[in-house]
Amino acid sequence: MLLRLAWRNIWRQKRRTILTASAIALTLFLSLIMRAFQEGQYAHNILNSAKMGTGVVQLQNPEYKENNSIDELLPASEEFISDTREIDTIDYLLPRIDSFILAASDQRSKGVLLSGISPSLEDDYSNISARITKGQYLSDDATGVVVGEGVAHYLGLTVGDDIFFYGQGYRGQMAAGLFEIKGIVHYPIKEMNNQLVYLSLHDAQQLFGTGNQVTSWVIGFNNLAELPFVKQQLNSAYAEGVSIRDWRDLSPELEQSIVLDRVGGLIMMYLLYIVVGFALFATLLMMTLERLREFSVMLATGMSRAQLLRLIAIESGLIGVLGIGVGVLMASPLLFYFYHQPIRLAGEMAQAMLDMGYEPVMPVSLDPALFYEQIVIVAAITAVSLVYPIWRVMRLDAVSGLKGGFHAR
């Protein structure tokens with residue numbers, strides 16, 4: 001009965017109800033569009049950054065994070081990694097050896113980051129072969145190296161020349177080797193271009209004397225929503241002796257930039273909701289003040305005060321639900337369309353993203369949490385807006401209220 005009565009009551013002032021619900025719907029629509037594009041772009045940047053280097057998750061020796069020492073390794077055996085392979089949501093699993101070493105030519109030397117990789121697996125994930133500007137990419141059974149453009153330029157080397165490496169190997173061994181440059185790779189990030197050198201995992205293990213061990217197992221997948229599940233499974237599989245580091249730990253500067261940008265977006269969204277909150281509060285207050293005599297009659301004829309408060313809460317809830325429903329119905333088709341047909345950028349912005357190695361698109365996130373978040377915010381605004389009207393009704397004296405006007409107040 002209360003629900004039917006509340007529904008009739010909110011349509012007694014059709015214009016006011018429509019305007020308030022429309023304000024909620026428009027704000028919800030704008031917030032969903034803004035947050036969906038924001039979160040979609042964040043996920044796009046995280047996955048692209050992961051493919052260029054760190055992966056989404058890495059398995060490492062717990063001591064490796066502190067000193068990046070070639071002595072802190074994990075087994076590269078199938079027995080060690082078999083539990084990880086059984087996690088269905090993992091799309092890529094890459095063994096790597098990463099260590100700093102001195103690279104030299106006849107005239108100059110330079111410290112570089114030497115990355116021992118499985119060429120075919122790494123290319124499937126990072127598409128390194130597409131960045132080769134001279135020569136060719138590594139094959140699984142060939143000996144040689146691919147060097148960054150900055151490294152090659154500094155050392156005065158090109159494809160076909162030999163490059164010498166010298167440094168510390170596993171457990172204090174001397175790591176020294178001469179390799180032919182098979183290709184030169186270009187990265188848009190200067191730091192990567194000036195220090196990266198790739199060679200096959202087998203050659204890296206021989207160079208550093210690590211045996212069948214690696215510095216990290218790199219894990220990649222295309223759906224970041226699976227990250228908590230993957231970490232939970234990994235924690236169960238490797239209780240001790242293995243550090244599980246996700247992209248936040250591996251790329252803290254990327255996380256910081258996302259947090260700062262997200263805060264700016266949230267501030268804009270909350271400003272919109274504050275404006276809507278005042279409109280909703282004004283509506284609920286007017287619905288209360290102009291009906292004090294009506295409420296007094298209800299109390300005088302036997303309705304309990306608790307029922308009256310529930311009636312007011314149901315009326316405000318119906319307006320909120322109406323606004324939420326219209327807002328979601330407006331935003332959903334648009335978001336679904338742009339999810340399957342993302343906006344493709346053009347001009348200088350597109351070129352800048354291509355130079356960074358990113359696809360020039362504006363993806364959209366359809367994470368259900370975005371919708372839940374907006375619904376919770378509207379519910380919270382409604383609850384806050386009800387505080388004063390409910391307080392007025394609780395203080396309402398039925399006899400005074402029947403007199404109306406000044407006496408009702």
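Just so you know, these numbers use all the heavy atoms, side chains as well, and skip hydrogens, waters and symmetry mates.
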Audit row: Lys65, Glu72, salt bridge (Lys or Arg N to Asp or Glu O under 4.0 Å) steps and yes/no: CA-CA 9 Å; Lys65 176 182 177 179; Glu72 313 300 343; over 6 Å; no

Stepwise side-chain hydrogen bond (donor to acceptor under 3.5 Å, both in side chains) test for Tyr42 and Asp261: CA-CA 9 Å; Tyr42 297 154; Asp261 190 71; 2.5 Å; yes

Check: Ser105 side chain, Leu155 main-chain N or O, donor-acceptor pair, under 3.5 Å: yes

Backbone N/O of Arg171 and side chain of Asp71: donor-acceptor pair under 3.5 Å: yes

Test item: Asp123 side-chain N/O and Ser129 main-chain N/O as donor-acceptor pair under 3.5 Å: yes

Side-chain (Tyr238) to main-chain (Phe80) donor-acceptor, under 3.5 angstrom: yes

Short side-chain to backbone donor-acceptor contact, Arg262 and Glu39, under 3.5 Å: no

Heavy-atom donor-acceptor pair, Asn222 side chain to Asp91 backbone, under 3.5 Å: no

Closest heavy-atom pair and its distance - Leu74, Gly241: CD2-O, 3.9 Å

Heavy-atom check, side chain of Leu280 versus side chain of Ile24, under 4.5 Å: yes

Sole residue of Lys51, Arg131, Arg96 in salt bridge (charged side-chain N to carboxylate O under 4.0 Å, His left out) with Glu122: Arg96

Any Val259 side-chain heavy atom under 4.5 Å of Glu255 side chain: yes

Side chain to side chain, Tyr92 and Val56, heavy atoms closer than 4.5 Å: no

Ser82 side chain to Glu79 backbone, donor-acceptor under 3.5 Å: yes

Ser120 versus Asp140, side-chain donor and acceptor atoms under 3.5 Å: yes

Note, Gln374 side chain near Val378 side chain (heavy atom, < 4.5 Å): no

Minimum-distance pair of heavy atoms, taken over all atoms of Ile90 and Phe221: CA-CB, 4.4 Å

For Trp217 against Val214, the heavy-atom pair lying closest together: NE1-CG2, 3.6 Å

Partner of Thr27 under side-chain contact (heavy atoms from CB on, under 4.5 Å), chosen from Val275, Leu272, Ile274: Leu272

Close side-chain approach of Tyr273 to Leu28, heavy-atom, < 4.5 Å: yes

Stepwise side-chain contact (heavy atoms from CB on, under 4.5 Å) check, Asn194 with Tyr154: CA-CA 8 Å; Asn194 290 341; Tyr154 182 83; over 6 Å; no

Non-hydrogen side-chain atoms of Gln41 and Pro363 separated by less than 4.5 Å: yes

Distance-minimising heavy-atom pair for Ala176 and Tyr166: CB-CD1, 4.1 Å

Phe229: which of Asp88, Thr89, Asn223, Leu234 passes side-chain contact (heavy atoms from CB on, under 4.5 Å): Thr89

Ile10 backbone acceptor or donor facing Thr17 side chain under 3.5 Å: yes

Under 3.5 Å donor-acceptor, Thr215 side chain and Leu73 backbone: no

Val112 side chain near Ile101 side chain, heavy-atom distance below 4.5 Å: yes

Aromatic plane relationship, His340 with Phe336 - under 30° parallel, 30 to 60° tilted, over 60° perpendicular: parallel

Glu149/Lys134 ion pair, N-O < 4.0 Å: no

Derivation and outcome, side-chain contact (heavy atoms from CB on, under 4.5 Å), residues Asn45 and Ile258: CA-CA 9 Å; Asn45 291 344; Ile258 288 175; 5.5 Å; no

Donor-acceptor contact present, side-chain Gln58 to main-chain Ser216, <3.5 Å: no

